[in-house]
Number of protein chains: 2
Amino acid sequence: MSPGQPGFSTRERILGVAETLFARHGFAGASLRQVTAAAKVNLAAVNYHFGSKESLIEEVFRRRLDELNRHRLDALAAVAAKPEHTLEDVLDAFVRPALEQSMDDAGGSAFVRVLARAYAEHDERLRRFLSDNYGHVLREFAAAFGRLLPHLDKDELYWRLDIVAGSLTYAMADFGMIKRREAVGEHRERTVRHLIHFAAAGLRAP
Amino acid sequence: MSPGQPGFSTRERILGVAETLFARHGFAGASLRQVTAAAKVNLAAVNYHFGSKESLIEEVFRRRLDELNRHRLDALAAVAAKPEHTLEDVLDAFVRPALEQSMDDAGGSAFVRVLARAYAEHDERLRRFLSDNYGHVLREFAAAFGRLLPHLDKDELYWRLDIVAGSLTYAMADFGMIKRREAVGEHRERTVRHLIHFAAAGLRAP
DNA sequence: GGGGGTATCAAACGACCGTTTGAATACTAG
DNA sequence: CTAGTATTCAAACGGTCGTTTGATACCCCC
């Protein structure tokens, strides 16, 4: 069960439910009344605990991004420590933490879709927030990729990484039209494998 | 100038403005009052000409998708007629029509972002509409790709095409965090080139 | 040149939005 | 137990939402 029920504080229930509803209906499309009703808390609780809907949205991001960033940087450090690491290793360090977070509870899988929503929102405020809390991780990965792909100049490298980030976002958020048949966990593991395989070839292209 | 002004019918002005506002603020985020105000038409005009907001959204899609589908299928037919066409040719037939449509007027470039929005909306109604009006084109391209990539079984092929579609959607919608410096047209041409290069390598991977 | 569909308009509908209030309740420290 | 703080609650605020209405203007054909 998602953390929208007893055993969790009001604050946690709101965050959990908001995450899934934002994923499902967008930030404008999910109302605080829907959120508080599903979380079984009073309507005013959102403004009491978070101040505003905008702040609630940011908190939904902060909570997961902090964790995701940490895991990604840890994984990258572990890879970099190996003397002969490959492109696939670095890609794995980037993709797998997102995968694992999206499986550790029901809310996590929603968050990946929330993140994809954020890309679709061209809202400047939200983009700045994401860039502030996310940019340094992307820069570290870019450096690691750059060392493994010395034949690409900086401009070319960033173009390709942008494409990788795009296909990752899209694939992890399950936007694709093609219907899947397997269980969620198995499907996601296959997604990661295909993504790494595809991205590695694209990055290595002359 | 976008078609939000004199010389265009009320209906066309609404469609043009709705397209850019939906791209900017999402379907829930852009209100009919904003749309009609920017189009300089009466609020009731939307319900008079389209029946409802939902139908307006669908009409925004239908108008551009019909044109895009036609151009893509024409380009694919032209490529298929060449006896020795390459993977890059088919990718170009898929990517370039989207590129050209997004440059022929100001609204077109907004539409690509609207399309990306639609992916983010997990709304079942909208997805069915897209699949009904878009699926046959994707299937034709899948067949063309399949003939050029006989080493991939059907399942593997669809996985990779899904990734290609994802990176295309993302890149064309300009979601990336990396800031671009060139003029819009030049930027878009470079996007297509990078995308085709990257996708071809990913598809050809063993 | 008047009649009839077509289009536009201001105004209003009820519903829902995010937020605020002030009282009621729960909890905790002295 | 009590004083004081932290939380929950029902209710209401003004505003905006999509949609409907009925009157008004337009336009073209008979």
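So that the names make sense, note that chain A is the first sequence line, chain B the second, and so on, each numbered from 1. Predicted model only: the values in this text are computed from it and were never measured.
Protein atom OH of A:Y48 is 17 Å distant from nucleotide atom P of C:dA23, rounded to whole Å. At whole-Å resolution of the value, CD1 in A:I14 and P in C:dT19 are 13 Å apart. The CZ-P distance, from B:F50 to C:dA7, rounds to 12 Å in whole Å.
Under 4.0 angstrom from either OP1 or OP2 of D:dT8 there lies at least one side-chain N or O belonging to A:T10. For D:dT8, the OP1/OP2 oxygens have a side-chain nitrogen or oxygen of A:H49 closer than 4.0 Å.
Between A:V41 and B:G51, the one whose closest nucleotide on DNA chain D sits nearer the 5' end is A:V41.
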Could you write nucleotides 11-18 of chain D as a row of B, S and -, 5' to 3', where a protein heavy atom under 4.0 Å of any base atom gives B, of only sugar-phosphate atoms gives S, and otherwise -? -B----BB
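In summary, A:E59 and A:R11 engage in a salt bridge, as defined by a charged side-chain N under 4.0 Å from a carboxylate O. Here B:E140 does not pair with B:R72 in a salt bridge; the nearest charged N to carboxylate O distance is not below 4.0 Å. For B:E88 and B:R204, the salt-bridge test passes: some basic side-chain N is under 4.0 Å from an acidic carboxylate O.
With sequence neighbours excluded, no residue satisfies ring pair (Phe, Tyr, Trp, His ring centres under 6.0 Å) with A:H197.
Taking the six-membered ring where the residue is Trp, B:H194 and A:W159 present parallel rings, their angle staying beneath 30° rather than reaching 60°.
The local environment of CZ in A:R62 is crowded, with over 12 non-hydrogen atoms from other residues, nucleotides or ligands closer than 6.0 Å.
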